[in-house]
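Working notes for the structure below.
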Amino acid sequence: MVKDLCKTTGSMSSSTSLMDNLFQRSLEDLIKGFRLQLLGESAFISRALDEIRREIKVTDPSTKSTALHKLTYLAALHGVDMSWAAFHAVEVVSSSRFQQKRIGYQAITQSFNDQTSVLLLITNQVRKDLNSANKYEKSVGVVLRVFEKYPDAVNVCFKRLVENLQSSDPQILSAVVGLFCELAAKDPTSCLPLAPEFYKILLDSRNNWVLIKVLKIFAKLASIEPRLGKKVAEPICEHMRRSVAKSLVFECIRTVVSSLSDHEAAVKLAVAKIREFLVEDDPNLKYLGLHALSIVSSKHLWAVLENKEAVVKALSDEDPNVKLEALHLLMSMVNEDNVSEMSRILMNYALKSDPVFCNEIISSVLSSCSRDVYEIIVDFDWYLSLLGEMARIPHCQRGEEIEHQMVDIGVRVRDARPQLVRVSCALLIDPALLGNLFLHPILAAAAWVSGEYIEFSKNPYETVEALLQPRTDLLPPSIRAIYIHSAFKLLVFCLKSYLSAEEPTSSSLSQESSFGSSPMNAFTHESILNLVNVMELGLGPLFGTYDVEVQERVKNVLGFIGMIKQEIAEKVNPQDNETEAYRVTAFMDDVFSEELGPVSATAQDKVCVPDGLELKENLRDLEEICGESDSVSYTDKISFSVSKLRIRDEQEASSSSSHPPEGAAAASLLEHRKRHGMYYLTSQKDERNSNGTPSDYPLANELANELSLDSFNPKRKPSKARPVVVKLDEGDESRIAPKAEKNPETVNGDESLSRAIQTALLAKNKGKELEEEESSRIENHESSEKTKRKKKKKKKKNEERSSKDKSRRQGEVASVSEQVIIPDFLL
Amino acid sequence: MIRFILLQNRQGKTRLAKYYVPLEESEKHKVEYEVHRLVVNRDSKFTNFVEFRTHKVIYRRYAGLFFSLCVDITDNELAYLECIHLFVEILDHFFSNVCELDLVFNFHKVYLILDEFILAGELQETSKRAIIERMSELEKLQQ
């Protein structure tokens, strides 16, 4: 009746009436009340919270537990923070009524985390419960969490756990096995001694879940102990053959292919099972089959090849997961011989697919072709035309990678340059590509390539026109700058050829280019004049452009033209080496003709820091000076000085440094930077795209190029030989980010956990002797529990020293024994 | 191990959230939102496993509710799919033709059932009969 009363009062009024204060609202009321609130949810919650706060401080345990219960509800489903109630939760847990204990535990599991200070109190409670008869199993799981935080606790509970492995009660067994699964995942070596018990479970158990867990444990153990694999292979195969449960079969397959991949018979059986999975209609099974196949593929490629048709079929499945798996599998099959055929098939798929998958295909083709410095590519001409094709796929968003590869190939593979220039020219001429944002990086690469390897170009005039076409103002300024600079290089080249082409044995003809056969061979006076005019017309309007980089390049070109124009127009005798035009042209040509090679990633480290240069200085003082430019973003059209840009880089990088600013040094550094800004290297390494003048960085070329030429591949078919690919001894850029370093805390945690387990195992091995010792000691009743523990440990230590155990374990056990101090309340 | 279990309806409301890894409140909200978005848009013909950050989410739709389990990459998906089904069967048995409203009003009982058979992210008890017996014992105790 009281309950009914509560219900009505709860859902009726919203003000705190006498009724509300007399009777505590039950959980049901809370929920009902909440659901009835249409709008004022947060107000309702805060009112409820106030109520709960009052109720929970009461000493009556049932009120307290109901309050806690309601709080748990709010926390679980409505995101209310309940960490302030931690202590109350502990109080509730210590009550003797089971129901309340339940509520308490629930609250704890809901709200406790590493920071909860009362965690230690719980440990004690848990231990008490551990020893209680009927609620034992509940605590096993909680114990797992505790283990991870307090490795000492392992000492205490481990023995009981190991006993339980042999227990016949399936509940306990599965709990313990689960625990070991987690432990094995963290540290397999310590669980190795328990392998025989696991083996028994593997053979006897009928419970699929337990079997799956045990299989997982064996997967981890077999990887560190190969003999175990041999023993375990047979029972696993039996399970695979007999079991009806797909989940168990899959786990067996997974174990076999990941850890037992050396056992031929097992692998064959697993592959047969995988095949069955692949032909099922259920997409789940198909996906899992593909997944297992991909694990197998690293060592047993024949398995993948057998199932090739199924994999290709999966490529056109509807589920994106399945498609991705199929794609990865296909890429693992690719090698020298089938790379072109494979790419052809994949490109067709890419054209037909949605944008996401299309880009996936493109990325995977790009990455596998460029692996190990283009190891599988034999025909670079074909590959370059493939890159060009990729640029034209409508959904392509991999512009940066393609750009990188184009430049990379240009720099490393000399013989591929003519084709590269051809492809680039085609890309530059096409006006439709200029509008596509994703293709801009590719166009940048194409422009740079055309400027750098001009001697292979068939028609430089065409290229220049393409570079200066009006639609190029759709390009961002940085790429525009590249275009203009390449046009500059082209101009210089044409002029040079013209000025030195009058002699019959001109140097330009002796070059190994296809230039000799082109009709533009004869650089006539008209054509050169025309070229100069076109450039002037095209670049003139950009003279006053906002972007500084573009402006600088334009002025370079126009300045140069200014120098030579008069003499060219007057048709000065080209043979005269003393003309200014000739001298200037020869000079620029010299500048541009130095070949750029690949730069090692470690090149920067090899540059020694000159004396007196303070790199790690705190540049906070600059904030006043550069303060107003902080609001300007990089991509803003309104540009700022390049040297200021570099200063800001340093500022951002060093703002977290701990060096106090030294006024005078900082100021002189600033001065130095302002004056020599150009010589300070930025953090990016691929400057070679946007900065074609090598005179700025003389050191890089000299120091970094440790060239090792690739050897001629003897397995080649008699047709065209694979061109030479330049590789560096070290520092070939790897585009995969380095693996994050393991968190030092977890590493320490793992170590102490494993040491603790080893201690416990060793203690277990001592077995009967120690148990007797222990019991006798307990009977003797030493002065305090603490010293009792310490003495036990010392006794253990002495025993171990005299035994024949391995010295490693001894050392570790000895140190652990010294360190472990078990707090009073745990005893 | 299981990292968390979520029960969400089609609109995105969470009916049950059990986390076996520590997460801040805001992170929990974010996770619930992301999982819902991930799961609600998938066609019924697609696989029941999706990659989620660095783990996997195994989900199944029952009427208007999505049951999602987030597990480690190395875990056996089919086993956890079975686990979801087991959970649903138990709920069905316990509440006699369970519906969403039952779960809302008896959320503590749902948590109890869940705790009976999953503990600290690991499967503990797999016998439906045993769990039902246990629950009826507990019900008696509560009276």
Side-chain angles (χ1 to χ4, degrees), chain A residues 27-28 31-32 35 69 72-73 75-77 79-81 98-99 102-103 105-106 109-110 112-114 137-138 140-145 170-171 174-175 177-179 181-182 185 207-210 212-213 215-216 219 245-248 250-251 254 283-288 318-322, chain B residues 1 13-26 28-29 32 42-51 58 72 74-83 86 101 104-108 111-112 115-127 130-131 134 137-138 141-143:
Chain A
L27 182 66
E28 227 178 283
I31 300 179
K32 276 206 192 121
R35 283 169 71 78
H69 206 180
T72 317
Y73 165 73
L77 293 177
V80 169
D81 176 39
F98 178 68
Q99 179 202 2
R102 261 255 123 118
I103 295 177
Y105 268 124
Q106 219 173 51
T109 51
Q110 197 65 41
F112 273 29
N113 54 31
D114 288 349
E137 310 88 48
K138 202 58 43 194
V140 173
V142 183
V143 165
L144 172 62
R145 284 287 147 261
Q171 277 190 342
S174 54
V177 168
L179 190 88
C181 194
E182 282 298 305
N207 186 335
N208 284 345
W209 308 95
V210 172
I212 290 178
K213 286 272 158 54
L215 280 172
K216 276 211 157 60
K246 289 267 188 292
S247 51
L248 184 60
F250 179 66
E251 195 59 37
R254 207 214 290 257
N284 287 337
L285 295 174
K286 238 192 287 192
Y287 173 73
L288 289 175
E318 288 171 345
D319 186 351
N321 283 350
V322 173
Chain B
M1 65 168 269
K13 281 196 76 117
T14 307
R15 292 302 177 201
L16 181 105
K18 180 87 186 180
Y19 289 86
Y20 295 102
V21 287
L23 284 180
E24 296 289 309
E25 284 301 326
S26 51
K28 285 187 186 167
H29 277 233
E32 286 166 22
R42 279 175 74 85
D43 195 273
S44 58
K45 286 193 293 281
F46 288 1
T47 57
N48 291 91
F49 333 119
V50 226
E51 271 186 26
I58 299 172
D72 297 328
T74 52
D75 280 334
N76 186 329
E77 297 93 334
L78 293 174
Y80 283 114
L81 211 52
E82 278 303 307
C83 166
L86 179 64
L101 230 50
V104 171
F105 272 100
N106 297 300
F107 85 98
H108 51 291
Y111 272 105
L112 283 182
D115 281 337
E116 267 313 309
F117 92 108
I118 294 181
L119 203 52
E122 292 295 337
L123 224 42
Q124 201 224 150
E125 173 61 63
T126 53
S127 154
I131 297 180
R134 221 4 170 5
E137 270 180 42
L138 285 173
L141 266 181
Q142 285 205 349
Q143 271 13 336

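A, B, ... follow the sequence lines: proteins, then strands. Residue 1 opens every chain. Being a predicted model, the structure only gives us computed values, none of them experimental. Just so it is clear, the values below take in all heavy atoms, side chains as well, and ignore hydrogens, waters and symmetry mates.
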- Give, as side chain, backbone, both or neither, the part of A/Leu285 having an atom under 4.5 angstrom from any heavy atom of chain B. side chain
Taking atom [atom1] of [X] and atom [atom2] of [Y], what is their separation to the nearest 0.5 Å?
X        : Y        : atom1 : atom2 : result
B/Leu78  : A/Leu288 : CG    : CG    : 5.0 Å
A/Lys216 : B/Asp75  : NZ    : CG    : 4.5 Å
A/Asn321 : B/Glu51  : CG    : CD    : 7.0 Å
B/Glu82  : A/Lys246 : CD    : NZ    : 11.5 Å

For [X] and [Y], which heavy atoms make the closest approach, and how far apart are they?
X        : Y        : result
A/Pro320 : B/Phe46  : CD-CE2, 3.6 Å
B/Glu77  : A/Phe250 : OE1-CE2, 3.6 Å
A/Asn284 : B/Thr47  : OD1-CA, 3.2 Å

- Task: Side-chain contact test, heavy atoms from C-beta onward, threshold under 4.5 Å: evaluate it for A/Ser247 versus B/Tyr80 and give yes or no.
- Result: no
- Would you mind reporting whether B/Asn76 and A/Arg254 have side-chain heavy atoms less than 4.5 Å apart? yes
- Is it the side chain or the backbone of B/Ile131 that comes within 4.5 Å of chain A heavy atoms, both, or neither? neither
- Part of B/Asn106 lying under 4.5 Å from any heavy atom of chain A: neither
